[in-house]
Amino acid sequence: MTESNTKKTDTEEIMHTWERAFHTSPSDKKKFYLTVAYPYPSGAMHVGHGRTYITPDVIARFKRMQGFEVLYPMAFHVTGAPVVGISRRIAAQDENTINLYKDLYQVPQDVLSRFNDPLEIVNHFSNEYERVMKKAGLSIDWTRRFTTVDPRYSKFIEWQWFHLRAGAHVAKGAHPVRYCPQCDNPIGDHDILEGDTAEVQKFTLVMFRRGDEIIPCATLRPETVYGVTNLWVHPDVEYVKAKIDGQVWIISSEAANKISLQDHDVEVVGTIPGSDLVDTTANNKFCGEIPILPAVFVDPDMATGVVMSVPAHAPFDYIALRDLWNQGMYTSINPIGLIQVDGYGEHPAVEAVENSGILHQSDQNLEDLTAQVYLAEHSTGKMYPQYGGKPVKIAREEVAAMLTEQYGSTIMYEFSQHPVICRCGSRAYVKVLHDQWFLQYSDQEWKDQVQKHLNAMSLVPHEVRAEFDRTVGWLKEWACTRRVGLGTKLPWDPSWLIEPLSDSTVYMAYYTIAAKIKEIESEVLTPEVFDYIFLGVESEKLPKGEVREKLNAMRTEFLYWYPYDYRFSAKDLISNHLTFQVFHHCAIFPEHLRPQGMVVFGMGLLNGAKMTSSKGNVYLLEEAISDFGADTVRMFLVGSGEPWQDFDWRYELVKSTQKQVERFVSTIQECMNANGADTPIDHWLRSRIQEYIKLTTLALDAFQTRQAIHLAFFSMERDLRWYKKRLCGAAPSRTLMRELASVWIRLLCPIIPFTAEQLWKEMGEEGLCSFAAWPVPDEAAIDIPCENAEELLMRTEEDLDSILRIIQITPKSVTIVVAPEWKWEIFSKIQQSSAQGTGNIIKELMQDPDIRAHGEAAVDAVKDCSALMHRLPPDLALSLATTPPHEMKIFCDAKSFIEHAFSVSVTVVSSDESAHDKAKQAAPFKPALIIE
RNA sequence: GCGAGGGUUUCAGAGCUUGGCCAAAUGAGCCGGACUUAAGAUCCGGUCCCGCAGGGGUCCGAGGGUUCAAAUCCCUUCCCUCGCACCA
């Protein structure tokens, strides 16, 4: 265990100075408001959560130093069912759950014993979150903290929902859900023990008459009703006769049970063996009187247990029929083709089966074959003209509607696979829930509004826009009420709770007033009050006097902060929360108060594996902070990748980040103690510093935290190294080093605020570094020719080095031969030339008599220079061509440096002064080097 | 299956939008050296292959194509991650 960079007492002292520093309220500064999706405090924070909140904190701190009034608030989302389930499991002494909380989350026994109350869980972890977030140095305004079950927040949610209802965005309807009869509740993905990939499929029941009785055949392909040749029943199954909706249906007993959950009264009145149905007939409008035949592929546990047979288009049906033919039975039944499909003839299923060599109804490959045929027919199939001639996709919908409207068909929902088993061990069914409320995300007008606003929003990174666009198009009705869990009751139908994702869509507005609203009793908070605060609507019903004053203050505060500038959240929330909140803002707030931007995060890995609490693969944030120090954790989390990239928490990498932070401290301390005089080389470093200020600012403006660290830390370090090397052992300039330290500390303050705060104090600066002015580049200190000169020196040093390594002699002297002026002229001319291709450039330049005078050498020089040209960065090439460096002077000035670095004597000459063979090689920005 | 994003040198990760600055930034790891009583601390150097002159060769998931020129553009293919709804 090491407490890095700053000592524990220092850390605590700094936290103390920050205690109230980030409380914020409207001022005459420009505002910047950013929010993160608030946490669901059902467990302890791990380093993955850490990054979610540290990244926005870095931005918040950056903006604050830039002079913005910054609001970074935090609250806790405690709505929903999971925590209720957890408390129930703890109450039931479930060992896994108790161990998770005791060992992994390190909850003390006395606290744990109160966890049979879900509110105790969320209260405990909310406090833990706040405590650990403070340790991580998050610059949050805690006066605005709330939870989603606070009475005042509930009032706010009620207000929101009155508006949604008034805007016709919420409506009542029926909805099929996965349902567990034993739990008497709908079950979600996380509650499924088995069959979690099963989808709810919508079958159309095609009704066939058999005397007075109805045989409902379930199909996913109602358009094939024209091609039915017979029905299939399983001969060994005992079917039931059930009175359903006033008529007697013949279905499997499983089906009777299922249908009873789907809006039908079911009364079983008798049974009939499948074998008794065989060889009787049934009829409907489309196929007349047809026989009921036996088939063993029929599954009584799938839909109604009775199947209509379309042998021309369904491989199962064809095989079953062929089996009967082979026994010499029903040979008069012929498949009826009704769909034209690319690549198939009149009877696609028949062809497919015959070509596949499948022999039996129970062949495993039959499923795949069916899928192939169905897919082909669905995507490219067209009904024959006598059946309407439309594409299958369209015909399917139309036939289904027609059957429902005119021929008594209804819908039956069924899982695509079974069984589906609830976590309680009981089997789950599809149930149609009634009285369910839906958010009408399918509303095209609403979608259009959202899409339009989305187009105007800033999305980071821009790659996520496609996913947002798709989500807007894809969203349909969202069941927005629940029977169980914590939350706000639906105001006009209090038997329902508002579903957790739906009560968290406009709360960013609530943050703006969350501190002040605590002074007002929740009873006062009528919809009119919120209408005034958020929409500026006056009303007779508004309270008067002192309360009204407070409302005015809240209105002012809301208008100051809103709309929020950026919302941060993980990428898995794009398809729900992040898009929902745009919908809700559009429904409630006027255009100028809607979200401005979003930043989407990547996911976290721990040692290469996905970090999830459920698998125990987590590393707690607090543990990380005490193992490595808050600043190391911060720098690693925002520096190992850009926010939107996934990151991997690995010990060795974090460890080396820790060293970097420590190195920064000692480097800065060296800077503070530097006492050298000014030297010409200072000019270069000062110029570079301005460059890094500029680039770091740009990076953080674009939320590129990794890039920012790259520039502000590593690049800066590298230049400082070169600077020191150039001094040849002389002491660094006192003024420049203090200048550097001051800038450097501030550039890294958003990332490593504890360290920065500590060093700032050591520098003797007044006030908190967290509020110090963000460095601004001094344009006057930028000297491009000087930087170019240094670049030339670096490149030459590198050349020299690589030659020496190869030739492996101990050099006595080095002669640097600089290019003659006329080669520089060529260089500049090539840069300016618009001619394409070396040949053309040569032609063009040889027009010039001065150049032509150099004959063959000139041609070579043009070739060399143009090759050289495109090996340089374009802006460097341009700047060199515009203001050619005085190479002779540069090398003469740096003579002692090179002599010192390589321990040789150095001579600098112009190429015309040297008779050496190599002297001819001297080119612009690439002097010839003669080593002897 | 559908939708979105991605596959780069030992690793992480730049670069790819606007093809030539790319053998490919930077950091980590590893190797060697210096400093030290000693270091996991610091500093210096190396880290695809070949080369006793700054050069050459191979390389950016795989396979094709466009181009004088491709990690960068086009096509095909394989693999990975996320989402697919009542769940925070």
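In the text below, chain A, chain B and the rest are named by the order of the sequence lines, each starting its count at 1.
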Inset, instruction - Examine the base of B:A53 for any acceptor or donor lying under 3.5 Å from a partner atom in the side chain of A:Asp799, and report the outcome as yes or no. - result: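 In this structure, the two groups form no donor-acceptor pair.
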Just the rounded figure in Å: distance from [atom2] of [N] to [atom1] of [X].
X        : N     : atom1 : atom2 : answer
A:Ile930 : B:C52 : CD1   : P     : 21 Å
A:Asn576 : B:A4  : CG    : P     : 18 Å
A:Arg483 : B:C87 : CZ    : P     : 14 Å
A:Ile806 : B:A53 : CD1   : C1'   : 7 Å
A:Phe647 : B:G13 : CZ    : C1'   : 15 Å

Inset, instruction - From the options B:G83, B:C87, B:A41, select the nucleotide whose nearest atom is closest to the side chain of A:Lys659. - result: B:A41
Legend entry - Between A:Tyr153 and A:Thr147, a side-chain donor and acceptor under 3.5 Å: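 Short answer, no.
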Inset, instruction - Indicate whether any N or O donor in one side chain lies under 3.5 Å from an N or O acceptor in the other, for A:Asp493 and A:Ser495. - result: yes
Legend entry - B:G55 - base-pair partner by Watson-Crick or wobble geometry, distances under 3.5 Å: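 Result: B:C50.
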Legend entry - Test salt bridge (Lys or Arg N to Asp or Glu O under 4.0 Å) applied to A:Arg465 - qualifying residues, sequence neighbours left out: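 Partners of A:Arg465 under the salt bridge (Lys or Arg N to Asp or Glu O under 4.0 Å) test: none.
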Legend entry - Face-to-face contact A:His577 to B:A88 six-ring, under 5.5 Å, under 30°: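 No, aromatic ring not over the base.
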Inset, instruction - Specify the closest pair of heavy atoms between A:Phe125 and A:Ala44, including all atoms of both residues, with the distance to one decimal. - result: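 Scanning both residues completely, I find the closest heavy atoms to be CE2-N, 3.6 Å.
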Legend entry - Phosphate OP1/OP2 of B:A53 contacted by A:Arg805 side-chain N/O (<4.0 Å): no
